[in-house]
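Computed from heavy atoms alone, side chains included, the values below leave out hydrogens, waters and symmetry copies. Numbering of ligands and ligand atoms starts at 1, following listing order.
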Amino acid sequence: MSVKQMYIQGKWITSGSGKVRNIINPATEEIIAEVTEGSVEDAQAAIQAAHKAFYVDGWGDTHARHRAHLLSMVADKLEKDVEAFSLLEPLNNGKPLSESIYDVEDAVNQFRYYAGLATKPSGQVYDVPDDIQAYVVRDAIGVAGQIVPWNYPLVMAVQKLAPALAAECTVIIKPAEQTPLSLIKLFEIIDVVGFPSGVVNLVLGEGATVGAELARNPLVDKIAFTGGTVTGKKIMKSAAETLKKTSLELGGKSPNIVFEDADFETAVDYALYAIFAIFANQGQVCSAGSRLLLQESLYEKFVPELVKRANEIAVGNGMDPDTEMGPLISNQHMQKVLNYISLGKEDGAELLCGGDQLFEKGFFIAPTIFGNTTPDMRIVKEEIFGPVLVIQTFKDEEDAIRLANDSLYGLAGAVFTSDGAKAQRVIRKLRAGITWINTYHPTFNEAPWGGYKQSGIGRELGTFGFESYQEVKQVNINLNVQPSGWFKRK
Ligand code: NAD
């Protein structure tokens with residue numbers, strides 16, 4: 001098995017650390033690849049390369065058309081290879097193949113979207129007094145460090161890479177330790193499309209060393225992070241030393257609110273949405289609808305149907321086309337989730353289904369639902385990041401809003417009702433960045449992604465994500481310069 005390398009200053013590099021990391025298939029526990037284990041020195045080399053590419057070699061002076069062309073080429077090549085990329089994520093992350101195909105297509109679309117956005121009009125012009133023409137231009141922030149989690153290894157990377165490169169930044173990106181394979185493969189494309197050396201760099205290795213260096217190093221102008229809230233806080237502290245621009249996409253404990261005012265047929269469909277809201281990607285989704293808020297009067301009809309459907313979910317190896325839910329990412333993470341399940345039982349919540357590890361091999365947990373919860377329980381307050389749904393009940397609209405917002409997080413949330421005005425009232429009051437009415441989870445690259453409260457800072461995707469890699473510069477031109485060079489006052 002050849003050891004996979006990092007990509008620094010336009011070259012494939014093996015770390016001087018001499019260390020190698022085994023990459024595991026979470027469905028079988030088999031070693032599927034070996035990758036070089038990057039060090040702080042490797043991160044520093046990549047940062048220096050990106051710094052030189054931006055400040056010395058002129059990437060910061062490229063034309064938008066050129067950048068758009070490069071990004072379009074990446075999109076085309078990725079699209080031609082959807083099948084090979086799609087097979088990598090079930091192997092490395094465990095997700096079902098159908099979800100993986102969707103992820104790769106999403107990544108293609110992200111490159112296309114930002115290739116388009118690079119060349120679109122930007123800036124503002126102001127009508128100001130004193131014979132001055134004032135306008136605003138947007139400038140690249142400079143060197144961007146990017147840190148990605150393991151739950152959507154390709155998509156989370158591309159939603160950082162594409163806007164940064166479109167905005168003229170240079171980049172050092174680090175995947176999660178567990179899931180580097182799809183990003184390494186993406187760099188095989190980046191290597192051939194013709195980015196100048198040092199513009200896009202890939203470093204591998206631990207968060208606490210390599211990732212921390214990206215957040216700390218004074219040559220990095222912006223740090224973009226997706227991951228856990230605790231890590232996000234560490235990164236923010238470290239970035240504060242050099243006042244780096246910082247964007248953080250963190251955790252959530254999002255409410256999925258279902259009112260009684262739907263006929264039962266529709267409510268049954270809502271159960272399906274509730275299933276998709278929490279059990280997609282094994283529940284390892286930051287925006288998962290992990291708290292189902294049910295109107296009390298609906299409970300007796302709704303919950304048996306929900307449990308029946310949860311029990312019918314086909315759990316298995318993500319490579320099997322029939323699989324609907326795969327394994328969790330690692331044994332360590334599975335133990336964390338199982339620990340939450342024990343806590344839920346100890347605290348008196350009612351286990352309605354699941355709760356157990358499945359199969360001899362791999363990190364599988366059955367779809368799990370808890371009823372009879374109270375707002376102070378840890379399974380209700382904390383992000384479990386696994387296939388565990390907690391049900392809370394509410395009396396009326398006011399109660400629903402109060403419970404929904406009773407969280408440190410504010411990433412996402414949904415409301416299901418046939419009363420359009422009520423839906424809008426609830427969404428208005430919901431303290432969350434990504435919301436839905438009568439659906440859960442469809443999101444689009446055109447729209448901003450990010451959270452309120454401790455779910456993060458800033459937004460990715462859409463024009464918001466693009467602008468997060470830009471500075472804003474005002475320019476004031478004297479329209480009245482005299483031949484002497486003096487300003488003529490009226
Ligand atoms: P994590 O915070 O442990 O790791 C995420 C990344 O940060 C990895 O690349 C890791 O190597 C790196 N890292 C770890 N410690 C670091 C440090 N001290 N300095 C710099 N980098 C460090 O999170 P995870 O367990 O990989 O991912 C799960 C979390 O990510 C969940 O909380 C989830 O909600 C969140 N998430 C959020 C979004 C979003 O868009 N808001 C999307 C996906 C995941």
Hey, does K234 come in under 3.5 Å of ligand 1, counting only N/O atoms on both sides?
no
For atom 32 (O) of ligand 1, the closest protein heavy atom turns out to be E383 OE1, 2.6 Å
Among Q146, K222, K160, which one satisfies side-chain hydrogen bond (donor to acceptor under 3.5 Å, both in side chains) with S247?
K222
Under 3.5 Å, which donor-acceptor pairs link side chains of residues 185-192 to any protein atom two or more places apart or in another chain?
from: D191; atom 1: OD1; to: Y7; atom 2: OH; distance (Å): 2.8
from: D191; atom 1: OD2; to: W12; atom 2: NE1; distance (Å): 3.4

Mark up the atoms of ligand 1 that fall under 4.0 Å of a heavy atom belonging to V148, in ascending order.
6 (C), 8 (C), 9 (O)
Using a strict cut-off of less than 4.0 Å between a Lys/Arg side-chain nitrogen and an Asp/Glu carboxylate oxygen, indicate whether K95 and E99 qualify as a salt bridge.
no
Would F225 count as a contact of ligand 1 if the rule is a heavy atom under 4.0 Å away?
yes
Considering the heavy atoms of I235, write down every atom of ligand 1 situated less than 4.0 Å from one of them.
19 (N), 20 (C), 21 (N)
Distance under 4.0 Å to a non-hydrogen atom of M156: what atoms of ligand 1 satisfy this?
42 (C)
Interfacing atoms of ligand 1 (cut-off 4.0 Å, heavy-atom, G211):
19 (N), 20 (C), 21 (N)
Ligand 1 versus H333, non-hydrogen atoms closer than 4.0 Å: side chain, backbone, both, neither?
neither
Given side chains that start at C-beta, do those of T36 and M6 come closer than 4.5 Å, heavy atoms only?
yes
Under a 4.0 Å N-O cut-off, is there an ion pair linking R21 with E37?
yes
Using a 4.0 Å heavy-atom cut-off, which part of E460 comes near ligand 1: side chain, backbone, both, or neither?
neither
For atom 40 (O) of ligand 1, what is the nearest protein heavy atom, given as residue, atom name and distance?
W449 NE1, 2.8 Å
Is the contact between T226 and ligand 1 made by the side chain, the backbone, both, or neither, using heavy atoms and a 4.0 Å cut-off?
both
With a cut-off of 6.0 Å (strictly less than), are more than 12 heavy atoms of other residues, nucleotides or ligands near CD of Q424?
no
Are S238 and K234 close enough that some pair of their side-chain heavy atoms sits under 4.5 Å apart?
no
Which residue holds the protein heavy atom closest to atom 24 (P) of ligand 1, what is that atom called, and what is the gap in Å?
W150 NE1, 3.4 Å
Could you tell me whether L250 and ligand 1 have an N or O pair separated by under 3.5 Å?
yes
closest protein heavy atom to atom 39 (C) of ligand 1 is C286 SG, 3.0 Å
Residue pair F385, W150: steps toward the ring pair (Phe, Tyr, Trp, His ring centres under 6.0 Å) verdict
CA-CA 12 Å; F385 218 57; W150 43 257; 5.4 Å; yes
For atom 35 (C) of ligand 1, the protein heavy atom that lies nearest, with its residue and separation:
G227 O, 3.1 Å
Check contact between P175 and ligand 1, using heavy atoms of the residue and a distance below 4.0 angstrom.
yes
Residue, atom name and distance, where the atom is the protein heavy atom closest to atom 11 (O) of ligand 1:
E177 OE1, 2.6 Å
Tell me whether E30 is salt-bridged to K361, with the criterion being a basic N under 4.0 Å from an acidic carboxylate O.
no
Ligand 1 to P149, heavy atom cutoff 4.0 Å, flagged ligand atoms 26 (O), 27 (O), 43 (C), 44 (C)
Under-4.0 Å protein heavy-atom contact, atom 2 (O) of ligand 1
yes
Looking at T231, which atoms of ligand 1 are within less than 4.0 Å of one of its heavy atoms?
1 (P), 2 (O), 3 (O), 13 (N), 14 (C), 15 (N), 16 (C), 17 (C), 22 (C)
Find the distance between CG (D42) and CD1 (I47) and round it off to the nearest 0.5 Å.
10.5 Å
NZ of K453: more than 12 outside heavy atoms within 6.0 angstrom?
yes
Ranked by distance from atom 28 (C) of ligand 1, the top protein heavy atom is F385 CE2, 3.4 Å
For the residue pair W59 and F195, does the interplanar ring angle fall in the parallel (under 30°), tilted (30 to 60°) or perpendicular (over 60°) class?
tilted
Charged N-O contact under 4.0 Å between R112 and E79:
yes
Is the CE atom of M319 crowded by more than 12 outside heavy atoms at less than 6.0 Å?
yes
Protein heavy-atom partner closest to atom 13 (N) of ligand 1 - residue, atom, separation in Å:
G207 CA, 3.3 Å
Of the side chain and backbone of N151, name the one, both, or neither that has a heavy atom under 4.0 Å from an atom of ligand 1.
side chain
